[in-house]
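Structure first, then comments.
These numbers come from a predicted model, not from an experiment.
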Amino acid sequence: MATEAANPHNLHEATFQKLRSLLVEGKIAPGSKLNERELAESLHVSRTPIREAIRRLAADGLVELIANRGAIAVQLSIEDVIHTFNVIADLEGFSGELAAKNISDATLSELAALQYEMMAAYARRDLSSYYRLNLRIHHLINQAANNPVLSKLFTQVNARIEALRFRSNQDGVKWEKAVEEHQEMLNALQARDSARMRKIMIQHVHNKRDVVVQLLKAEALPTVVAETIK
């Protein structure tokens with residue numbers, strides 16, 4: 001395509017980000033096969049950027065490449081979800097603790113601005129914008145910890161459960177609680193209270209885990225009932 005020839009890097013990155021959003025927001029369901037031809041047609045690109053995006057998504061842990069089946073949107077068991085969230089809780093707790101010690105005034109100001117934008121998205125019930133801003137906040141806190149190894153681990157492990165973190169805010173009461181916790185994070189960072197920040201971050205992730213597990217169990221119940229009736 002002409003657009004691809006003119007600026008292939010931008011097109012490939014845009015394709016990757018769009019496909020990633022489709023996975024995170026559940027528009028491509030867990031366990032679904034990623035059909036290159038259909039995706040290329042729907043995103044109005046050739047199959048080359050689609051293939052590259054799928055390879056990158058596989059490296060990020062959002063897609064599995066399975067012999068004789070192709071690319072499949074990752075589908076974690078409840079046990080995998082619990083284990084992954086528990087690891088993320090410790091990573092984010094440590095990240096928050098270090099960030100409270102190392103964060104700059106400029107980064108604090110940036111976080112406050114992102115928090116304001118995220119609250120506005122919450123008020124509009126704009127879940128896509130809210131999640132995008134939420135993710136930026138978590139990554140910025142992680143970067144403020146000033147530990148490259150920790151940042152890399154966080155990015156790798158968190159990618160596995162991004163779609164589930166997105167879904168955890170679809171319950172109104174739980175979403176409100178998550179918003180309150182984000183304000184507590186900002187307050188702890190502004191106070192440079194590392195112990196409090198670690199505790200808030202761990203509890204925040206544990207709350208996400210519990211919401212997600214509840215969702216997955218509720219979704220599995222009709223299948224279990226149907227199998228019992230047969």
Side-chain angles (χ1 to χ4, degrees), residues 9-30 34 39 42-43 45 49-50 52-54 56-57 59-63 73-74 76 81 84-85 88-89 91-92 95-96 99 103 106-145 151-186 189 200-201 204-205 207-209 211-212 215:
H9 175 74
N10 287 352
L11 181 74
H12 285 218
E13 181 62 26
T15 302
F16 168 72
Q17 294 297 340
K18 178 60 178 175
L19 198 49
R20 197 175 199 280
S21 294
L22 292 173
L23 288 161
V24 169
E25 296 184 16
K27 292 172 183 174
I28 297 176
L34 277 67
L39 288 169
S42 65
L43 298 181
V45 296
I50 295 293
E52 180 185 319
I54 288 173
R56 289 176 64 184
L57 290 164
D60 284 351
L62 275 77
V63 166
V74 70
L76 301 177
V81 168
T84 306
F85 268 100
I88 282 290
L91 291 176
E92 292 226 57
S95 176
I103 197 165
T107 301
L108 272 175
S109 296
E110 187 177 353
L111 279 171
L114 287 170
Q115 174 76 7
Y116 182 83
E117 287 185 61
M118 191 177 76
M119 290 295 292
Y122 169 70
R124 300 192 306 269
R125 296 301 188 270
D126 180 352
L127 184 53
S128 293
S129 295
Y130 174 90
Y131 183 77
R132 176 178 51 80
L133 292 160
N134 182 298
L135 190 61
R136 284 178 63 189
I137 287 171
H138 279 272
H139 278 288
L140 196 56
I141 291 171
N142 193 263
Q143 290 167 14
S151 293
K152 186 174 181 180
L153 280 172
F154 167 75
T155 300
Q156 288 175 336
V157 179
N158 189 60
R160 303 184 77 220
I161 53 171
E162 274 195 52
L164 295 171
R165 291 185 81 148
F166 177 86
R167 292 186 60 203
S168 70
N169 293 320
Q170 292 176 350
D171 179 295
V173 175
K174 303 297 191 302
W175 192 2
E176 182 179 3
K177 176 64 176 172
V179 169
E180 292 171 0
E181 289 167 351
H182 265 271
Q183 185 59 53
E184 290 174 14
M185 290 176 206
L186 183 59
L189 286 170
I200 293 167
M201 293 295 280
H204 180 68
V205 178
N207 288 344
K208 292 279 184 188
R209 176 200 63 198
V211 172
V212 167
L215 276 171

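Partners of Glu25 according to the salt bridge (charged side-chain N to carboxylate O under 4.0 Å, His left out) rule, which considers only residues two or more places apart in sequence or in another chain, are Lys27.
Rounded to the nearest 0.5 angstrom, Asn158 CG and Asn142 CG are separated by 9.0 Å. Between the CG atom of Leu22 and the CG atom of Leu43 there is a distance of 6.5 Å, given to the nearest 0.5 Å. Annotation: the span from Arg160 atom CZ to Phe85 atom CZ amounts to 11.0 Å, rounded to 0.5 Å. Separating the CG atom in Leu76 from the CG atom in Leu164 is a distance of 6.5 Å, to the nearest 0.5 Å. With values rounded to the nearest 0.5 angstrom, Thr155 atom OG1 is found 10.0 Å from Lys152 atom NZ. Rounding to the nearest 0.5 Å gives a distance of 5.5 Å between CG of Leu34 and CG of Leu23.
Screening Ile54, Leu62, Val63 against Leu19 for a side chain to side chain contact (heavy atoms under 4.5 Å, CB included) leaves a single residue, Ile54. Applying the side-chain hydrogen bond (donor to acceptor under 3.5 Å, both in side chains) test between Asn207 and each of Lys174, Glu181, Lys177 identifies Glu181 as the sole match.
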Might you work through the side chain to side chain contact (heavy atoms under 4.5 Å, CB included) test for Met185 and His138, ending with a clear yes or no?
CA-CA 10 Å; Met185 290 176 206; His138 279 272; 4.3 Å; yes
Quick one, Glu92 with Phe154, criterion side chain to side chain contact (heavy atoms under 4.5 Å, CB included). Give me CA distance, side-chain angles, the key distance, then yes/no.
CA-CA 8 Å; Glu92 292 226 57; Phe154 167 75; 3.6 Å; yes
Starting from the C-alpha separation in whole Å, work towards a yes-or-no answer on side chain to side chain contact (heavy atoms under 4.5 Å, CB included) for Glu162 and Leu135.
CA-CA 9 Å; Glu162 274 195 52; Leu135 190 61; 3.5 Å; yes
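Contact check for Glu176 versus Val179: no side-chain heavy atoms found under the 4.5 Å cut-off. For the pair Leu111 and Ile103, the minimum side-chain heavy-atom distance is below 4.5 Å. When side chains are defined from C-beta on, Arg165 counts as touching Ile88, because their heavy atoms get closer than 4.5 Å.
Summarising the local packing, CZ of Arg136 is surrounded by 12 or fewer heavy atoms from other residues, nucleotides or ligands at distances under 6.0 Å.
Contact record, Arg20 with Asp60: NE-OD2, 4.0 Å, taken as the closest heavy-atom pair. Minimum interatomic distance between Met201 and Gly96 (heavy atoms only, all atoms of both residues): CG-CA, 4.2 Å. For the pair Val74 and Gly61, the tightest heavy-atom approach, listed with the atom from each and the gap, is CG1-O, 3.6 Å. When all heavy atoms of Glu184 and Ile200 are compared, the closest pair comes out as O-CD1, 3.5 Å. The two residues Ile28 and Ala73 have their closest heavy-atom pair at CG2-CB, 4.1 Å. Heavy-atom minimum distance, Leu11 versus Pro49: CD2-CG, 4.4 Å.
Aromatic ring orientation, Tyr130 versus Tyr122: tilted (interplanar angle from 30° to 60°).
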